[in-house]
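A short write-up of the structure that comes next.
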There are 2 protein chains.
Amino acid sequence: MPKSKTENSAYTYTGHGWKRFRALNPGKGMYHDVRRRLPYYWSDITDALTYRTIASTIRMYFVNVLPAIAYTLDMYRRTGEFYGVNESLFSSALAAMIFSILGAQPLTIVGITGLISLFNYTIYDIVVIYEPAIYPNFMCWVAIWGAIFHWIVAVCNFCDYMRYVTDFSSESFGAYVGIIYCIKGVEELVNEFTVYGSTAGFLSCLIAILYFLTIYGLEWLGSSTICRAWFRGLLADYAYVIGTIFWTGFSHFPGTLKSGGISFVPITKAFFPTQSRGWLIHFWELEVKWVFAALPFGFLLMLLFYYDHNVSSLTAQARQFPLKKPAGFHWDFFLLGYTTFLAGITGIPMPNGLVPQAPVHTDSLTIYETDLHIINTTCDPSEETEIRRPVIKATAVVEQRISHFLMGLAIIGTMTGPLLIVLHTIPAAVFAGVFFIVGWGSIESNGILKKMIFLLREKRFVSRDEPLLTIKKRKIGLYLACEVVPVAACVAISQTIAAVGFPVLIIAMIPFRVWALPRWFSDEELGVLDDLTASNSAVLGSLGGMPSFAGERGGNDAVQRRHSHQQGAVRQRSGSISR
Amino acid sequence: MPKSKTENSAYTYTGHGWKRFRALNPGKGMYHDVRRRLPYYWSDITDALTYRTIASTIRMYFVNVLPAIAYTLDMYRRTGEFYGVNESLFSSALAAMIFSILGAQPLTIVGITGLISLFNYTIYDIVVIYEPAIYPNFMCWVAIWGAIFHWIVAVCNFCDYMRYVTDFSSESFGAYVGIIYCIKGVEELVNEFTVYGSTAGFLSCLIAILYFLTIYGLEWLGSSTICRAWFRGLLADYAYVIGTIFWTGFSHFPGTLKSGGISFVPITKAFFPTQSRGWLIHFWELEVKWVFAALPFGFLLMLLFYYDHNVSSLTAQARQFPLKKPAGFHWDFFLLGYTTFLAGITGIPMPNGLVPQAPVHTDSLTIYETDLHIINTTCDPSEETEIRRPVIKATAVVEQRISHFLMGLAIIGTMTGPLLIVLHTIPAAVFAGVFFIVGWGSIESNGILKKMIFLLREKRFVSRDEPLLTIKKRKIGLYLACEVVPVAACVAISQTIAAVGFPVLIIAMIPFRVWALPRWFSDEELGVLDDLTASNSAVLGSLGGMPSFAGERGGNDAVQRRHSHQQGAVRQRSGSISR
């Protein structure tokens, strides 16, 4: 389909006179998204006939469902038991079906995130001050308003501003999400202590830590040079499967372990809502004053999803993946309005793009080759003659919609009675472990941590072609401070009733990057410290082309590319963001 | 003192006619040991005036006392509460005093090992079948016979055969000791479950695992290139101090942790034996038939110490340390006879050289410099221009006897009432963690594991100058089997009443290496697979010179030396053996 290449360039605003204002071109982005992607629809199905699709389906099922249930355990307790496991599974299944069949970018996995859990229970905390009974209806209206704002944003092409998202804000967001997840893991364990007693608490801590070490160790082995490549691939693909089955079995061992009294996933009757209600929320029964009180929350919900969903989509199409098929941000955000609406009127948590897990789907579909990179040093005979390094190359991505669709079917299967009972055998402690592994993955691979480690390292051991060496330490420190302060602020307000406001803080980082940072840093410095999160032309095509400040990056692209060539692509650990 | 150089060559048997039989030269080795070392005695004191002595004293106090108490917890339960903490501290203090003041090689730390604990409680298991009451007197006679055999071996110069000890047997021994330690750690935790209940058990597991991860992480950070060199040095030196204080404090946190009900080190009245008896064992009250029944056990004890103590001394003077002062195996083994005798008649566990901890003392006294090694690759312009690696060089060792002496004084201090109470605050779980860290250290750095990993690795990523590449995989497998089978046999019999026999198995590996292995492997193969554990001339001087099969190693020495030059010296993790 080479003709789509010319179509890609069709979506632009440069040189359009008064029509350059995006809001004056209703639906233009969506129209181009669909027109650009539709020719690939058939290949999205036929391309799926490979083993990677199966491995990806299984891995994503675990990486999607385990955290979703983990957040639900937390949300269940903190929303007066309104949102339960059935609601979460329904929401995940609904999102998977809609986005795998209708989405412009089926690589972006949509489901329950920790932030929507935080959002929902913070609103619960606010609502109970006034009238606890209205919570379901109130949430429904939040979703309805949210859906309306989604559609406005999609129609007015405002997703274009996502092209200004650089590592500056996406790293901060990743760090924030990682920290929140680790906090959630601790809270989950604290709950074991307070509700089920010390024995259950200590055993849960033990299982959570060992689960974390198991997954971490298996993924580490998977990226080593031990054994054959296919065996390492298996370890990396099925780390979650192996870890979850093992530690679930462990917790059921008869004797001391079984009598430890730890808690398991609470389940209710299959296909029925957790509380005794119908699937349709009676939103028309809400008083008018509350309907309008829900409006600002709906706006905040849209802001949250605007950043969270689009960044998740960006990282799923980040620069390290050799993607060929085009993106479609406007169309997907429009669809997200629909899922938000449906989630609202059925009383299930609103799904959106999964941030830390987003790149894992693309990664699980990427064909990696571990090449041998021999560095010849024969010019100096006193040294060793050569150095051998494994270089992992991403050669292609199996871009298709079947793995996403099959994962959705698997979630629907999980909603049935017998499989719910299987789910009930998993101890809550495993989910605390899931929080830690996903959260730590997001922190460990974060550019903020990497820059901090760079500052701490003895300079003489740093390779001379490290781009950061060209920048003053003071400047790196200032840049880090600009990233860390918003993260700390977000983490702090997340512990309060003002938590719903955090999307404002995160989104404010984008204009801050575009207008404030260039005053403190030279273009060369920003070129080294920062980078577009997705610089792929297939991605930028859907966002109206390169952002205007891209020119400032000057010749550094070459440095960066050479640098990443030496290291090779890094296999995506679940939970790692952007690089 | 350059004149000692000529004296070194004085101890030899080549060209001595009928006097070449070692037993016909009584005391010759001991005489030469003392004559060789005595000129250094004053410098052994004056050389100590440096900071490294203080760091070494503190580190060795923890690395010596913590495992000693850990074994005592085990031995206390399994010998009818005969050997307690007071006995162990007394034994460690006695050994430290004698060997630091009188020892020819004061670097070799002498104390309570896991093997003497195994030896003592296996004899207890045997004795209780007949007459439990005679255990103290019986052990005393085992020690008396053991002491006599020690003196015979020392006088007849039989320590010379230690020069035949190669990595073949010392690696196997290291792996065996490591496995036993890990098993002991698990047994310690199981004891918490059975005696103190599930809550205490799970909390203990948690503390043991986190203690392990703390020490491991601190030592890992200490060998990284993070922060300044002095700061890394502090982390490596005081990892045990930091970890022990932190997790002891953790276990005393009021609330859930404090009420977990875990056990602490059991203490009794200061300076008194654990049981109500005097310090002198009434060995003359034992029936004559039991006196002679103790003889073979005394012989086994001597065999155990012959291997254990001398190998510990060899590894403390292993080839990676740039030692200058001479060794003295015969004299030290003679002294060990005295400590064995004294331990016997006072009813304390017999001290001997600490195998996994032995190289840690030398390491803590070694002055390391982290150099920058730049590998120039400018000959190939498409590659990166240089690679920077940290190379850790051992520049000198502070060879002195003060750190050993001060450590002994600190142990005597610990025997006093107030400090015993401090000791009582340490939870038994921390000692399980000590077992794991010391045991795993011995396994992780073991040549057997390294060869196994080599076999598992994809060959194309192995540097071409790796000597193992010159050998057929089948041959490496055969060599590994020859090492692993004795280890497995030793571990297996350690679980039975035949455990006292394991020294025979280990010692049998030395002649097996000398006579059987050369039939299956060529000289070149053995040159790569095996190496003398200590090839230092200062060490071999005390053992009658190079062993006769040393010639078979041909030109491989050069290969090995170049290889270790590239990697740099590896900082000794506590518990690591020989390399």
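Quick note on labels: first sequence line is chain A, next is B, and so on, each numbered from 1. All values reported here derive from a predicted model rather than from experimental measurement.
Judged by the 6.0 Å distance and 45° axis criteria, B:K473 is not positioned over the aromatic ring of B:F454.
For chain A, the nearby parts of B:L456 are the backbone and the side chain; heavy atoms of each come within less than 4.5 Å. Both the backbone and the side chain of B:F461 have a heavy atom closer than 4.5 Å to some heavy atom of chain A. Interface remark: A:L213 contributes side-chain atoms only to the contact with chain B (heavy atom separation under 4.5 Å).
Salt-bridge annotation for A:R232 and B:E458: present, with a side-chain N of the basic residue lying under 4.0 Å from a carboxylate O of the acidic one. The pair B:R457-B:E466 does not meet the salt-bridge criterion, since no charged nitrogen lies less than 4.0 angstrom from a carboxylate oxygen.
The ring of A:Y211 has its center no closer than 6.0 angstrom to the ring center of A:F436.
Note on A:L455, A:L210, A:T256, A:I209: by heavy-atom pairs under 4.5 Å with chain B, the leading option is A:T256.
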